[in-house]
Amino acid sequence: HPDLPHRTEAPLYVIFLALQDITEPMGPTTFLLGTHTQQERSKFDDLQLKDEQLAKAKSRLALLNKGDAVLFDARILHCGNANDEQGGSTRAMFNFSFRNPKEVG
């Protein structure tokens with residue numbers, strides 16, 4: 001999911017700061033690279049194109065060490081993954097956002 005409707009300028013930037021090590025069994029966030037554009041958002045909103053887009057997208061898994069941070073454009077597609085019942089645990093993250101001063105409204 002994206003956090004916001006698509007706009008030409010990035011309206012918001014988000015930071016996830018890991019307060020503990022984030023491992024794969026914990027269900028870390030996956031980011032789909034390059035999906036912040038209008039063209040990619042249109043594919044995501046089209047039920048006929050969405051599955052293919054998600055299957056072919058280049059992705060990055062946010063495996064983080066305590067103190068690591070991820071900065072991302074709120075328009076990018078991202079998702080949390082399943083927390084593994086065997087070995088997973090709650091993710092402790094500090095999440096904060098910055099409004100782009102170029103964006104009005």
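Remember, predicted model here, so these are calculated numbers, not experimental data. The figures that follow rest on heavy atoms only: side chains count, while hydrogens, waters and symmetry mates do not.
- In this structure, the separation between CZ on Arg91 and CD1 on Ile22 is 6.5 Å, given to the nearest 0.5 Å.
- Ring-plane geometry between Phe96 and Phe94 is classed as tilted, the angle between the planes lying from 30 to 60 degrees on a 0 to 90 degree scale.
- Using a cut-off of 4.0 Å between Lys/Arg side-chain N and Asp/Glu carboxylate O, Lys56 and Glu52 are scored as salt-bridged.
- Ring geometry, His78 versus Phe16: the interplanar angle exceeds 60°, so the pair is classed perpendicular (tilted spans 30 to 60°).
- A single hydrophobic cluster is seen to contain both Leu64 and Ile76, as judged by linkage of ILVMFWY side chains at heavy-atom distances under 4.5 Å, directly or through other members.
- For the pair Asn65 (side chain) and Asp21 (backbone), a donor-acceptor distance under 3.5 Å is absent.
- Hydrophobic clustering, with ILVMFWY side chains joined whenever heavy atoms are under 4.5 angstrom apart, keeps Tyr13 apart from Leu32.
- Note that CZ of Arg99 and CD of Glu103 are 7.5 Å apart. Values are rounded to the nearest 0.5 Å.
- The NZ atom of Lys102 lies 12.5 Å from the OG1 atom of Thr8; values are rounded to the nearest 0.5 Å.
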(request) With side chain to side chain contact (heavy atoms under 4.5 Å, CB included) as the test, would you mind laying out the steps for Leu63 and Glu24 before giving the verdict? (result) CA-CA 7 Å; Leu63 298 173; Glu24 196 159 351; 4.1 Å; yes

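- Panel note: side chain Asn81, backbone Pro28; a donor-acceptor pair is recorded below 3.5 Å.
- Looking at Leu19 and Lys66, their side chains never come closer than 4.5 Å, going by heavy atoms from C-beta outward.
- A side-chain donor-acceptor contact under 3.5 Å links Gln53 to the backbone of Phe44.
- The distance from atom OG of Ser59 to atom CG of Leu33, rounded to the nearest 0.5 Å, is 7.0 Å.
- Under the 4.5 Å side-chain contact rule for hydrophobic residues, Leu17 and Phe98 share a cluster.
- Checked by atom type and distance alone, the side chain of Arg41 never pairs as donor or acceptor with a backbone atom of Asp45 at under 3.5 Å.
- Checked against a 6.0 Å centroid threshold, the rings of Phe72 and Phe31 count as neighbours.
- Atom CZ of residue Arg75 and atom CD of residue Gln38 lie 9.5 Å apart, to the nearest 0.5 angstrom.
- Inter-residue side-chain proximity for Pro2 and His6 is flagged as unmet; no heavy-atom pair is nearer than 4.5 Å.
- Side chains of Thr29 and Val70 form no contact here, defined as non-hydrogen atoms less than 4.5 Å apart.
- Of the inter-residue distances, the one linking Gln20 atom CD with Asp68 atom CG reads 12.5 Å to the nearest 0.5 angstrom.
- At least one side-chain heavy atom of Asn95 sits less than 4.5 Å from a side-chain heavy atom of Val14.
- A donor-acceptor pair is defined here as one N or O able to donate and one able to accept, closer than 3.5 Å; such a pair exists between the side chain of Asn83 and the backbone of Ser89.
- No salt bridge links Lys50 with Asp46; every basic N to acidic carboxylate O contact stays at or beyond 4.0 Å.
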